[in-house]
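Here the structure is laid out as structure tokens; the discussion comes afterwards.
The structure presented is a predicted model; accordingly, all values stated were derived computationally and were not measured. Lettering of chains follows the sequences in order, A, B, ..., and the numbering in each one begins at 1. We use all heavy atoms of the structure for the numbers below, so side chains are in, but hydrogens, waters and symmetry mates are not.
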Amino acid sequence: MILDLHSHSTVSDDGRAKVENYCQWIKRKEIPIDGFVLTEHRLYDDASDYRSLEDQFGLLILKASEVETEYGHVLVFGVTQELQAAFNFSQINLSLATVLEESERCGGIAVPCHPGRPRVGMCAHIGTRGEVEGVRTIETLNGGSRGNENEQAASLAARKGYARIGGSDSHIVSHIGRCATRLHAEVRDMNELVASLKEGGCEAVKLEDRAWIPES
Amino acid sequence: MTILQYQDLEFGDELPEVTPDVSMPTIRRFGEASGMTYWRFTDHEKARAAGLPGAIVPGIMSQGILVALIHRWAPSATVHKIDTIFRAPLDVDSQPVCRGVVTDMNDETKTIEIDLTICNETGETRVLGTAVVELP
């Protein structure tokens with residue numbers, strides 16, 4: 001099963017894509033993907049309900065968050081009311097340790113994203129702030145990466161034995177599905193996605209010529 | 001291929017790619033015309049000394065290039081809005097590629113949304129954005 005685990009809609013301050021247009025794009029361009037996760041910046045989108053789009057387009061559409069810590073940006077899957085009360089999603093200087101711990105405590109999982117990116121990625125901060133305990137998965141394929149950012153992330157994952165995910169980090173419609181995650185188990189909702197990620201049953205893949213290939 | 005009317009369009013249609021001229025002489029001419037004569041746009045050496053990879057293309061020039069991409073494709077189009085996000089500097093004397101694709105259509109207002117990107121030679125997206133465009 002293939003899901004794009006990192007995307008933004010107009011709910012994010014820098015997102016320009018309507019969710020319906022993501023669905024139309026996936027079908028029109030025949031992107032071989034089963035769904036995507038909306039990881040809105042610094043918030044959890046309680047209000048939006050995408051069930052009718054899921055039915056109309058035959059796609060799984062899940063909701064998560066991308067929060068900001070002293071080690072860079074972090075995707076949080078399995079956001080609950082309890083987790084939203086545990087720390088302030090809108091803050092830009094959250095403690096990564098807190099995000100990791102609270103996510104686990106509340107039944108979710110926190111995944112540092114684009115770790116190879118300057119300033120907002122984890123690699124740049126390990127040298128000055130030290131290694132991080134509690135990380136089990138990182139994003140090693142990000143569709144918005146430049147230069148060797150994805151390679152740095154892959155090296156970190158190899159060194160630390162982290163599981164790997166991929167996501168397009170799309171902010172405009174036509175960027176959805178550039179990278180994604182192959183999940184070894186069938187996933188029908190966020191609980192099953194979190195369980196799959198916690199088991200490490202995932203790998204990062206990128207789309208080339210309408211086929212998913214593993215990271216090199 | 002040019003587009004004349006809304007009815008000629010389909011969701012997912014791609015605009016013809018454009019490779020804009022962002023050579024230093026062109027940047028300097030643009031700078032003189034627009035008042036953007038700062039060294040970070042017109043002098044590689046000073047830009048590098050300041051920590052940039054070299055002189056960079058002014059953001060308003062990138063926006064102009066993207067609007068030109070739209071009008072080259074649809075000469076009668078009215079661009080109601082262009083919204084750009086500058087992800088990384090676009091280098092002067094590079095050979096970027098500009099692309100656009102139709103990602104939303106409103107049959108009632110005959111307006112469309114276009115995803116816009118400017119990528120460098122290695123395919124990295126340097127500038128991205130959207131435009132809202134009305135067609136006859």
Side-chain angles (χ1 to χ4, degrees), chain A residues 6-31 36 41 53 56-57 73 114 116-121 141-152 167-179 206-210 216, chain B residues 9-17 51-54 56 59 62-63 66 69-70 79-91 94 96-107 109 111-133:
Chain A
H6 190 169
S7 67
H8 300 274
S9 76
T10 51
V11 172
S12 287
D13 50 7
D14 62 349
R16 301 292 183 265
K18 300 185 197 97
V19 177
E20 182 175 6
N21 294 146
Y22 274 147
C23 298
Q24 288 177 298
W25 181 263
I26 288 165
K27 292 303 172 188
R28 179 63 186 241
K29 297 297 178 180
E30 298 178 345
I31 297 172
F36 52 92
H41 286 295
L53 288 177
Q56 183 182 347
F57 290 95
H73 293 188
H114 43 68
R117 191 162 300 168
R119 295 190 304 280
V120 295
L141 273 180
N142 176 288
S145 286
R146 296 184 293 274
N148 68 347
E149 290 173 8
N150 283 336
E151 287 76 11
Q152 281 190 57
S168 65
D169 201 358
S170 58
H171 290 72
I172 58 175
V173 174
S174 55
H175 281 176
I176 192 80
R178 293 183 297 182
C179 299
K206 58 185 172 184
L207 190 62
E208 286 189 7
D209 298 327
R210 292 190 182 179
S216 50
Chain B
L9 286 174
E10 285 186 20
F11 181 93
D13 279 356
E14 295 176 9
L15 284 63
E17 286 182 7
L52 291 166
I56 61 174
S62 290
Q63 285 192 319
L66 290 169
L69 169 83
I70 295 168
V79 178
H80 285 299
K81 183 181 176 186
I82 181 160
D83 175 16
T84 43
I85 300 168
F86 298 94
R87 285 290 190 214
L90 185 61
D91 300 337
S94 65
V97 177
C98 302
R99 297 186 179 92
V101 62
V102 177
T103 56
D104 196 14
M105 299 183 69
N106 186 323
D107 293 344
T109 59
T111 56
I112 59 172
E113 281 192 27
I114 300 172
D115 276 8
L116 299 163
T117 56
I118 304 179
C119 297
N120 68 5
E121 296 92 332
T122 62
E124 294 172 0
T125 303
R126 295 284 159 149
V127 182
L128 62 91
T130 56
V132 177
V133 172

*Could you tell me whether the side chain of B:Val102 reaches within less than 4.5 Å of the side chain of A:Arg28, counting heavy atoms only?*
no
*Heavy-atom distance under 4.5 Å to chain A: side chain of B:Thr130, backbone, both or neither?*
side chain
_To check you understand the geometry: which heavy-atom pair defines the closest contact between A:Arg146 and B:Ala88, and what is its length?_
NE-CB, 3.6 Å
*Is a salt bridge present between B:Glu113 and A:Lys18, judged by a nitrogen-to-oxygen distance below 4.0 Å?*
yes
*asked:* Can you tell me which of A:Gln24, A:Glu20, A:His171 forms the most heavy-atom pairs within a distance under 4.5 Å of chain B?
replied: A:Gln24
*Closest non-hydrogen atom pair between B:Thr117 and A:Ile172, with its separation*: CG2-CD1, 3.9 Å
_Validation row: A:Arg16, B:Ile85 side chains within 4.5 angstrom (heavy atoms)_ = yes
*Spatial distance of atom CH2 (A:Trp25) from atom CG (B:Asp104) [nearest 0.5 Å]*: 12.0 Å
*Measure the CG-CD1 distance between B:Asp115 and A:Ile176 for me, rounded to the nearest 0.5 Å.*
11.0 Å
*Can you tell which part of B:Asn120 gets under 4.5 Å to a heavy atom of chain A, answering side chain, backbone, both or neither?*
neither
*asked:* Are A:Asp14 and B:Arg87 packed together at the side-chain level, in the sense that at least one heavy-atom pair is separated by less than 4.5 angstrom?
replied: yes
